[in-house]
Colleague: 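Got a structure for you, written out below as structure tokens; questions coming shortly.
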Protein chains: 2
Amino acid sequence: MPRTTRQRTAVADLLDGVPDFHSAQDLHRMLHDRGERVALATVYRTLQVLTDLGEVDSVRGPDGELRYRRCEAEAHHHHLVCRSCGTTVELDAAAVEAWAGGIARAHGFTDVEHTVELFGLCARCGSRSADAR
Amino acid sequence: MPRTTRQRTAVADLLDGVPDFHSAQDLHRMLHDRGERVALATVYRTLQVLTDLGEVDSVRGPDGELRYRRCEAEAHHHHLVCRSCGTTVELDAAAVEAWAGGIARAHGFTDVEHTVELFGLCARCGSRSADAR
DNA sequence: TAGTTCATGAGAACTATTCTCATTACGGAG
DNA sequence: CTCCGTAATGAGAATAGTTCTCATGAACTA
């Protein structure tokens with residue numbers, strides 16, 4: 001029985017407005033910049049709740065930090081994230097799903113979940129950093 | 001110019017003796033139990049060095065903790081890890097590699113790296129937990 | 001409107017990992 | 001075989017992200 005609070009709403013609204021993945025800390029900063037007063041711990045709690053409800057999507061970046069985003073596709077899916085600017089492409093990876101399931105079954109594993117995330121430099125960031133070098 | 005020290009050797013030997021993935025903390029504990037006196041920081045440093053040398057393999061578990069293991073396959077590969085007992089199967093995922101590369105290219109991404117890990121319950125642990133319920 | 005209970009805020013607490021820096025000890029040169 | 005320069009170590013402090021505690025505040029419900 002989740003309760004509708006000002007903070008909960010603020011976080012949800014924020015997520016509706018920003019594309020791509022952001023860390024809890026980032027989101028907290030954004031809320032603060034918007035003038036919303038929400039404690040960091042509350043942001044974490046809310047993100048957890050939303051994730052449990054399946055309304056938010058989370059991935060762990062290469063540095064181990066969790067990043068969240070309003071989930072757009074309904075089904076299970078994966079991401080291609082720009083390491084530099086955070087731009088995200090949602091992938092429908094039926095091929096990978098099938099592969100993962102098959103492999104797991106072949107090895108006698110059950111109750112399988114998988115992590116598949118791609119990180120790279122998007123076209124824009126890629127050309128920019130090429131200049132820098 | 002890496003230097004061969006008692007600690008380095010101890011960690012390498014330990015890794016040779018244990019299959020499956022273990023956290024740095026676990027490895028440190030094991031060393032301690034073996035009577036080897038190696039500082040935790042040194043374990044971390046050594047694992048980093050070995051990882052850079054490609055002699056050790058690391059994956060980030062669902063909890064975000066890094067787990068290490070002596071790398072068996074030479075090339076880049078992925079894992080199927082039992083959530084319960086840690087048993088690991090090394091996967092040669094040429095199919096996934098190709099898929100990842102293709103997807104990334106299709107979206108204009110470069111310098112792509114990917115994370116693909118499967119977690120589940122191995123045959124043994126699966127049947128055991130079925131009893132428990 | 002009153003009361004119950006879930007949610008919040010603030011900061012402490014935790015966990016994993018990295019860093020600092022004084023001290024130790026490889027390993028090549030002589 | 002010893003001497004030395006320098007990389008490696010130990011111990012604990014420092015970081016970063018995240019979770020927990022607990023007193024206080026605000027949503028629903030009757």
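Only this structure's heavy atoms are used, side chains among them; waters, hydrogens and symmetry mates stay out. Letters A, B, ... mirror the listed sequences (proteins, then strands); counts begin at 1.
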Colleague: How is L66(A) classified with respect to the nucleic acid when contacts are heavy atoms under 4.0 Å: base, sugar-phosphate, or nothing?
Modeller: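 Touches sugar-phosphate only.
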Colleague: If you define the side chain from C-beta out and look only at heavy atoms, does anything of L118(A) sit under 4.5 Å from L91(A)?
Modeller: yes
Colleague: V49(A) and side-chain contact (heavy atoms from CB on, under 4.5 Å): which single residue from D52(A), L47(A), L53(A), T46(A) fits?
Modeller: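 One option only clears the test, and that one is L53(A).
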Colleague: Return the value, rounded to whole Å, for the distance between atom OH of Y44(A) and atom P of dT15(C).
Modeller: 16 Å
Colleague: From NE2 of H28(B) over to P of dT18(C), roughly how many Å is that when rounded to an integer?
Modeller: 15 Å
Colleague: Of the nucleotides dG27(C), dA7(C), dA16(C), which one has an atom closest to the side chain of Q25(B)?
Modeller: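 Looking only at heavy atoms from C-beta outward on Q25(B), the closest nucleotide is dA16(C).
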Colleague: Could you state the atom-to-atom distance from CZ of F21(B) to C1' of dA16(C) in whole Å?
Modeller: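 About 18 Å, once rounded to whole Å.
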Colleague: With distance as the sole criterion, do the side chain of R45(A) and the base of dT19(D) form a donor-acceptor contact below 3.5 Å?
Modeller: no
Colleague: Given dA7(C), is OP1 or OP2 found less than 4.0 Å from the side-chain N or O atoms of T42(A)?
Modeller: no
Colleague: Please work out if S23(B) contacts a base, only the sugar-phosphate, or nothing of the nucleic acid, heavy-atom cut-off 4.0 Å.
Modeller: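 S23(B): no heavy atom of the nucleic acid under 4.0 Å.
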Colleague: Which whole-number value in Å describes the distance from R8(A) CZ to dG9(C) C1'?
Modeller: 14 Å
Colleague: Please tell me which of the listed nucleotides, dA11(D), dC20(D), dT17(C), lies nearest to the side chain of A41(A)?
Modeller: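 That would be dC20(D).
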Colleague: Out of curiosity, R6(A) CZ to D13(A) CG, how far, rounded to the nearest 0.5 Å?
Modeller: 12.0 Å
Colleague: In this structure, how many angstroms lie between the P atom of dA16(D) and the CD atom of E65(B), rounded?
Modeller: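 These atoms are roughly 20 Å apart.
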Colleague: Expressed as a whole number of angstroms, how long is the span from L31(A):CG to dT8(C):C1'?
Modeller: 14 Å
Colleague: OP1 or OP2 of dT18(C) versus the side-chain N and O atoms of Q48(B): is any pair under 4.0 Å?
Modeller: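 Answer yes for this pair, as a side-chain N or O of Q48(B) is under 4.0 Å from OP1 or OP2.
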Colleague: For R60(B) and dA16(D), give me the distance from atom CZ to atom C1', rounded to whole Å.
Modeller: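 In whole Å, dA16(D) C1' and R60(B) CZ are 12 Å from each other.
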Colleague: Taking the six-membered ring for Trp, are F109(A) and H107(A) parallel (under 30°), tilted (30 to 60°) or perpendicular (over 60°)?
Modeller: perpendicular
Colleague: Quick check: do D26(B) and M30(B) have side-chain heavy atoms less than 4.5 Å from each other?
Modeller: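 In contact.
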Colleague: Could you tell me whether the phosphate oxygens of dG17(D), OP1 or OP2, come under 4.0 Å of any side-chain nitrogen or oxygen in R67(A)?
Modeller: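 Answer is no, no contact under 4.0 Å.
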Colleague: Would you kindly give the CG-to-C1' distance between L40(B) and dG10(D), to the nearest whole Å?
Modeller: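 For the pair L40(B) CG and dG10(D) C1', the rounded distance is 11 Å.
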Colleague: Would you kindly compare R6(A) and A24(B) by the position of their nearest DNA chain C nucleotide and give the one closer to the 5′ end?
Modeller: R6(A)
Colleague: Establish, with yes or no, whether the OP1 or OP2 oxygen of dA7(C) is under 4.0 angstrom from a side-chain nitrogen or oxygen of T5(A).
Modeller: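 Answer is no, no contact under 4.0 Å.
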